[in-house]
Amino acid sequence: MTKRALIAGNWKMNTTLDEAAELAASVADLTKGTEGVDIVLAPPSISLDRVAGIIKDTNVSLSAQNLYFEESGAFTGELSAKMLASVGCEYVIIGHSERRELFGETDEGVNKKIMAALREGLLPILCVGETLEEREAGRALERVSSQVRVALSGLTNDEMARVAVAYEPIWAIGTGRTASPEDAEEIHGGIRGILEELYGKVISDKTRIIYGGSVKPDNVDSLMAMENIDGALVGGASLKADGFARIVNFE
Ligand code: PEP
């Protein structure tokens, strides 16, 4: 890890309004002395406004879990980048594998969402990752490479400088099965190589490539010790404030 780390907690479809408020307050309290790490919480959208009030003037930033790429209109149930920015979101997770697998999101749709986020000044966290089948067939980097290339197509260097990439092997999400630090590092290095090819060395060196997939207090240190792992996207383990605080304070 060679740059300011980014540790984000993705609460997915967990926590009621009051639970979200309590969890956010605990995380803010437990991480108040932490320096050198960007700490991000992504609660369910219904709790964004409330959590924004709680983490105001703390170390913690707010993220949405998704957006829709249109600015406004007849898109029942969807939220625009502008709406997310208006409640205080700084970041937005885009292309999470659960969105891709359960809700049919495509690489092209992910590209539109990244563009929409950037237009509103949000910082996208682009998620990519291969299935177990693709990994076992030796096609992990090939899959991730095509996801990265399509998702980032048309971005200028200035725009790319505001994107973080989360490598999240699908077989490691919510399964308790983590990629070994070496396997993760191999894909992270591959992603950095693609970014260098597309945007040059300055941008590729600066881009934060974070790992997601069963990150926990007891495996975060070995993952963060890898040269190309710049942070973590944490699902299940972000629902307990003390465990998440330990992840944020990785050694
Ligand atoms: C995630 O939601 O992005 C994730 C990595 O989940 P978990 O940490 O539970 O595997």
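Both counts, for ligands and for their atoms, begin at 1 and track the order of listing. This one's a predicted model, so the numbers in the text were calculated from it and none came from an experiment.
- Comment: Arg208 engages Asp38 in a salt bridge, judged by a side-chain N to carboxylate O separation of less than 4.0 angstrom.
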| request: I would like to know whether Asn59 and Thr34 meet side chain to side chain donor-acceptor pair (under 3.5 Å); could you show each step before the answer? | output: CA-CA 8 Å; Asn59 249 346; Thr34 303; 4.9 Å; no
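- Neither Val215 nor Leu30 shares a network with the other; the hydrophobic side chains, linked directly or stepwise wherever heavy atoms of I, L, V, M, F, W or Y lie under 4.5 Å apart, form separate groups for each.
- Between Arg149 and Glu197 a salt bridge is recorded (basic side-chain N to carboxylate O distance below 4.0 Å).
- A continuous path of Ile, Leu, Val, Met, Phe, Trp and Tyr side chains, each step under 4.5 Å between heavy atoms, connects Leu84 with Val51, placing both in one hydrophobic cluster.
- At a threshold of 4.0 Å, the pair Asp18-Arg50 counts as salt-bridged, since one of the basic side-chain nitrogens sits closer than that to a carboxylate oxygen.
- If you look at ligand 1, the protein residues with a non-hydrogen atom under 4.0 Å away are Asn10, Lys12, His96, Glu168, Ala172, Ile173, Gly174, Gly212, Gly213, Ser214, Leu233, Val234, Gly235, Gly236.
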